[in-house]
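These notes concern the structure reproduced below.
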Protein chains: 2
Amino acid sequence: MPGAIQSLSRAAAILRLLAGGERRLGLSEVATGLGLAKGTAHGILRTLQQEGFVEQDPESGKYQLGAELLRLGQSYLDVHELRARALVWADDLARAAGETVYLGVLHQRGVLVVHHVFRPDDSRQVLEVGSMQPLHATALGKVLLAYDPVARGELGGGPWEAFTARTVTEPAALDAQCALVRERGWADAVEETWEGVASVAALIQDRRRNPVGAVCVSGAVETVCGPDGAVRPALVASVRTAARAISRDLGAHRF
Amino acid sequence: MPGAIQSLSRAAAILRLLAGGERRLGLSEVATGLGLAKGTAHGILRTLQQEGFVEQDPESGKYQLGAELLRLGQSYLDVHELRARALVWADDLARAAGETVYLGVLHQRGVLVVHHVFRPDDSRQVLEVGSMQPLHATALGKVLLAYDPVARGELGGGPWEAFTARTVTEPAALDAQCALVRERGWADAVEETWEGVASVAALIQDRRRNPVGAVCVSGAVETVCGPDGAVRPALVASVRTAARAISRDLGAHRF
DNA sequence: GAACACCGGTCGGCAACGCCGACCACCAGG
DNA sequence: CCTGGTGGTCGGCGTTGCCGACCGGTGTTC
């Protein structure tokens with residue numbers, strides 16, 4: 001494969017840099033942060049600004065991400081086939097389970113949330129579409145790891161960050177869990193990401209049985225798990241049924 | 001201002017092209033659609049793909065937008081100061097009004113929705129963050145037009161698209177409405193975008209009194225408007241109060 | 001089944017394009 | 001008033017990316 005276009009790669013790096021730092025960044029910060037000459041960085045920033053990908057605070061002259069990115073991100077969701085077909089199933093699942101539902105796809109070294117159905121009560125919740133979750137510490141992630149060798153390979157050999165005392169941080173333990181996931185056909189994560197939160201996830205496949213994403217139910221450990229500490233079987237069944245339904249939906253129109 | 005970087009502008013055009021067309025596009029379609037040589041378009045697409053901004057369907061070879069855009073769009077929201085400060089006010093406004101609340105900013109020739117609070121009931125609603133609304137046919141848009149001469153200038157001289165029979169399509173009528181908005185301090189749009197839907201919006205200013213966005217309450221015309229067909233005064237008061245609160249919040253930390 | 005049209009992808013040569021570093025205007029602090 | 005910082009500009013050099021011809025595969029047509 002021939003090389004990438006230099007200016008484009010650099011522009012992407014600038015956008016990621018701006019996305020990473022919480023606050024706005026100045027021209028010099030951007031330039032030194034990526035090892036570019038000031039003039040070079042300025043040329044790229046100027047173009048990105050004209051296109052709406054970057055905005056400049058007129059007061060301080062510092063740069064931040066632009067609104068066009070939000071619009072394009074929304075367009076990504078609009079054409080996302082998996083998400084479109086999963087919408088109604090995810091809604092039903094949330095209703096039946098009485099819990100939050102996430103739909104995630106593999107992206108870089110994490111799980112990107114492409115759909116999020118609020119728990120059906122009146123509590124205040126923030127939408128997490130577009131956010132990333134760790135592969136090794138979530139039910140969504142472990143499902144994708146179990147069925148996607150490439151993802152497992154890219155994750156490397158740990159040890160990984162521990163979010164709680166129950167986070168799996170060692171490769172051997174994670175691989176054992178993945179084997180279990182493949183055997184059972186579903187993954188759980190009880191207090192591995194946040195204290196008090198438990199999740200169940202199952203795989204979504206396309207028409208050729210390739211893993212394309214995962215669906216997950218997440219909620220308070222008291223409601224997701226039974227008195228024995230294990231995930232309630234009825235919930236597992238709901239999640240697996242939903243995953244199968246979405247997978248079937250993805251393949252149905254093929255012939 | 002010196003010129004833009006050619007390859008970057010072209011890449012942006014490709015992304016917009018992919019965002020516009022509902023379906024996936026092939027290499028040749030992209031190339032001819034923008035008047036580029038196939039090799040050129042391929043080089044840009046290849047780089048965008050490496051960076052995650054576009055994805056390629058391995059089966060058909062066609063291109064679509066990539067997941068990285070969703071992630072960056074979310075990052076845009078994370079650093080968006082207006083949105084961050086308005087979150088709690090918008091929530092309260094939705095609760096008090098019992099209706100949907102939108103928060104919009106000017107972007108290109110439309111209003112970009114940066115926040116959306118669902119109507120506080122159990123009905124099924126889709127999130128519209130990241131979508132665009134027309135300037136001339138929404139309450140949000142008319143507020144921004146009334147207070148931002150640049151936006152009004154860019155909109156040109158119409159006539160604009162009519163979404164319903166009550167849509168304002170002529171420049172003279174729109175300018176008259178804008179004058180009224182400035183006089184009253186708020187804008188309404190009753191069945192100008194969709195049949196049966198009415199909205200009220202008010203301006204949000206930053207510390208230097210520059211218009212930076214608008215907040216809007218939207219709902220069924222039967223609940224938003226009173227028996228006389230005009231918007232309920234209590235609702236107008238709520239929206240204006242919320243807008244003032246957000247504006248004050250934006251300016252408060254200045255000194 | 002062969003001819004065709006079209007697909008996505010590659011490659012090399014030419015020159016345009018964008019990179020670089022010096023420079024400018026401005027501002028804050030000493 | 002100088003110094004060190006900012007964002008921004010400019011022109012010359014040479015790297016870079018653009019272009020159009022070409023390749024191998026696919027599906028359509030007859």
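Convention: sequence-line order gives letters A, B, ...; per-chain numbering from 1.
- Under 4.0 angstrom from either OP1 or OP2 of D:dG5 there lies no side-chain N or O belonging to A:Ser28.
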Detail all sub-3.5 Å separations between protein N/O atoms and N/O atoms belonging to nucleotides 17-23 of chain C.
| from | atom 1 | to | atom 2 | distance (Å) |
| --- | --- | --- | --- | --- |
| C:dC17 | OP1 | B:Gln6 | NE2 | 3.4 |
| C:dG18 | OP1 | B:Gln6 | N | 2.4 |
| C:dG18 | OP1 | B:Ser7 | N | 3.0 |
| C:dG18 | OP2 | B:Gln6 | N | 3.4 |
| C:dC20 | OP2 | A:Thr40 | OG1 | 2.6 |

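- In this entry the distance linking CD of A:Glu29 with P of D:dG5 reads 13 Å, nearest Å.
- Under the ring pair (Phe, Tyr, Trp, His ring centres under 6.0 Å) criterion, B:Tyr102 pairs with B:His116, sequence neighbours left out.
- Residue A:Leu82 is tested with A:Ile246, A:Val215, A:Asp249 for a side-chain contact (heavy atoms from CB on, under 4.5 Å); the sole match is A:Ile246.
- Considering all non-hydrogen atoms of both residues, B:Leu65 and A:Leu72 come closest at CD1-O, 3.6 Å.
- With sequence neighbours excluded, no residue satisfies side chain to side chain donor-acceptor pair (under 3.5 Å) with A:Gln49.
- With sequence neighbours excluded, the residues satisfying ring pair (Phe, Tyr, Trp, His ring centres under 6.0 Å) with B:Trp160 are B:His136.
- Taking 4.0 angstrom as the limit, A:Tyr63 places none of its side-chain polar atoms (N or O) nearer than this to OP1 or OP2 of D:dT6.
- A:His80 pairs by the ring pair (Phe, Tyr, Trp, His ring centres under 6.0 Å) definition with A:Tyr76, not counting sequence neighbours.
- B:Arg24 has its CZ atom 16 Å from the C1' atom of C:dG8, to the nearest Å.
- For the helix from C:dG1-D:dC30 to C:dG30-D:dC1, the end axes, each set by the C1' atoms of five terminal pairs, are bent relative to each other by 30° (nearest 10°).
- Distance CG (A:Leu45) to C1' (D:dG8): 12 Å, rounded to an integer number of Å.
- Within the nucleic acid shown, A:Gln56 comes within 4.0 Å of sugar-phosphate atoms alone, with no base atom in reach, counting heavy atoms only.
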Quick one: which protein N/O atoms are closer than 3.5 Å to N/O atoms of nucleotides 28-30 of chain C? Pair and distance per line, please.
none

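- Pairs of residues two or more places apart, or lying in two chains, that qualify as side chain to side chain donor-acceptor pair (under 3.5 Å) and include a residue from residues 146-156 of chain B are B:Arg152-B:Asp175.
- Phosphate proximity of D:dG7 to A:His42: absent, as no side-chain N or O sits under 4.0 Å from OP1 or OP2.
- In this structure, CD of B:Gln50 is placed 12 Å from P of D:dG17, rounded to the nearest angstrom.
- Under the salt bridge (Lys or Arg N to Asp or Glu O under 4.0 Å) criterion, the residue pairs touching residues 131-143 of chain B are B:Lys142-B:Glu192, with sequence neighbours excluded.
- In this structure A:Arg184 satisfies the salt bridge (charged side-chain N to carboxylate O under 4.0 Å, His left out) test together with A:Asp188, sequence neighbours excluded.
- Here A:Phe53 pairs with nothing under the ring pair (Phe, Tyr, Trp, His ring centres under 6.0 Å) rule; sequence neighbours left out.
- Among residues two or more places apart in sequence or in another chain, the salt bridge (charged side-chain N to carboxylate O under 4.0 Å, His left out) test is passed with B:Glu51 by A:Arg16.
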